[in-house]
Amino acid sequence: GAVVSQHPSRVICKSGTSVKIECRSLDFQATTMFWYRQFPKKSLMLMATSNEGSKATYEQGVEKDKFLINHASLTLSTLTVTSAHPEDSSFYICSAETGTGGSPLHFGNGTRLTVT
Amino acid sequence: GEDVEQSLFLSVREGDSSVINCTYTDSSSTYLYWYKQEPGAGLQLLTYIFSNMDMKQDQRLTVLLNKKDKHLSLRIADTQTGDSAIYFCAEKLDTGGFKTIFGAGTRLFVKA
């Protein structure tokens, strides 16, 4: 149980284009999902908390107009990297909680974004 | 402050036990977690322990928590080459809302 599916697993795009990444909870409903970015040999950096039916909460230093998050249903959150630049190349991982309180985060398999 | 620290590397021989250590600073932890990340993949939840527990064992995995010293460890018995990965320690804080803080990850190398 508690499977989180993330697509695509890998994407290469040209500078200036936009890329959408999907995160789905397959066997549970997730009112809250989280988007992380991981730099090589580094820990996870929380970018934003995605709340179903309301605006996402962004961490300090994360541009909300560049990283658009939509959580339209209890099983789907999307991250759109707008006007991508090479410095946006990274590994993006989403996660979701099965409940509240102490329930652990369950992660998708990540998306490797390369901007050329 | 909110900080989780881990050593960056650990190398063991196949068949030996591995012990990965983690320290945290915030005393409002509710749960503490161990995640495993293989190359190019997301994080896989390995095990977790509630903050009022001292020890939890799950097959080859043993988690020890010293709440007084804010120290968490993960012991992997009979380590196999397939255990080579990055292991992340994480704590979930109850600060009005819930927030998960991750360590930088410990890269485990298992030598055959």
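Residue numbers begin at 1 in each chain, while the letters A, B, ... track the order of the sequences.
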With clusters defined by side-chain heavy atoms of hydrophobic residues (ILVMFWY) lying less than 4.5 Å apart, directly or transitively, does B/Phe102 cluster with B/Leu46? yes

Hey, any chance B/Val110 and B/Phe9 share a hydrophobic cluster, counting ILVMFWY side chains that come within less than 4.5 Å of each other, even indirectly? no

Is A/Tyr36 close to chain B through its backbone or its side chain, or both, or neither, when contacts mean heavy atoms under 4.5 Å? side chain

Determine the option with the most heavy-atom pairs under 4.5 angstrom with chain B, choosing from A/Phe91, A/Phe34, A/Phe107. A/Phe107

Chain A heavy atoms under 4.5 Å from B/Leu45: which part of the residue, side chain, backbone, both or neither? side chain

Donor + acceptor pair across side chains of A/Glu97, A/Thr32 (<3.5 Å): no

So which part of B/Tyr35 gets closer than 4.5 Å to some heavy atom of chain A, the side chain, the backbone, both or neither? side chain

For A/Ile93, which atoms come within 4.5 Å of any heavy atom of chain B: side chain, backbone, both, or neither? side chain

Single-linkage hydrophobic cluster, 4.5 Å side-chain cutoff, A/Tyr92 and A/Met45 together: yes

Do B/Leu64 and B/Trp34 land in one hydrophobic cluster if side-chain heavy atoms of ILVMFWY residues count as linked below 4.5 Å? no

Under 4.5 Å from any heavy atom of chain A - which part of B/Gln37: side chain

Heavy-atom proximity to chain B below 4.5 Å, by part of A/Gln38: side chain

Can a side-chain donor-acceptor contact be found between B/Ser73 and B/His71 if the only test is distance below 3.5 angstrom? no

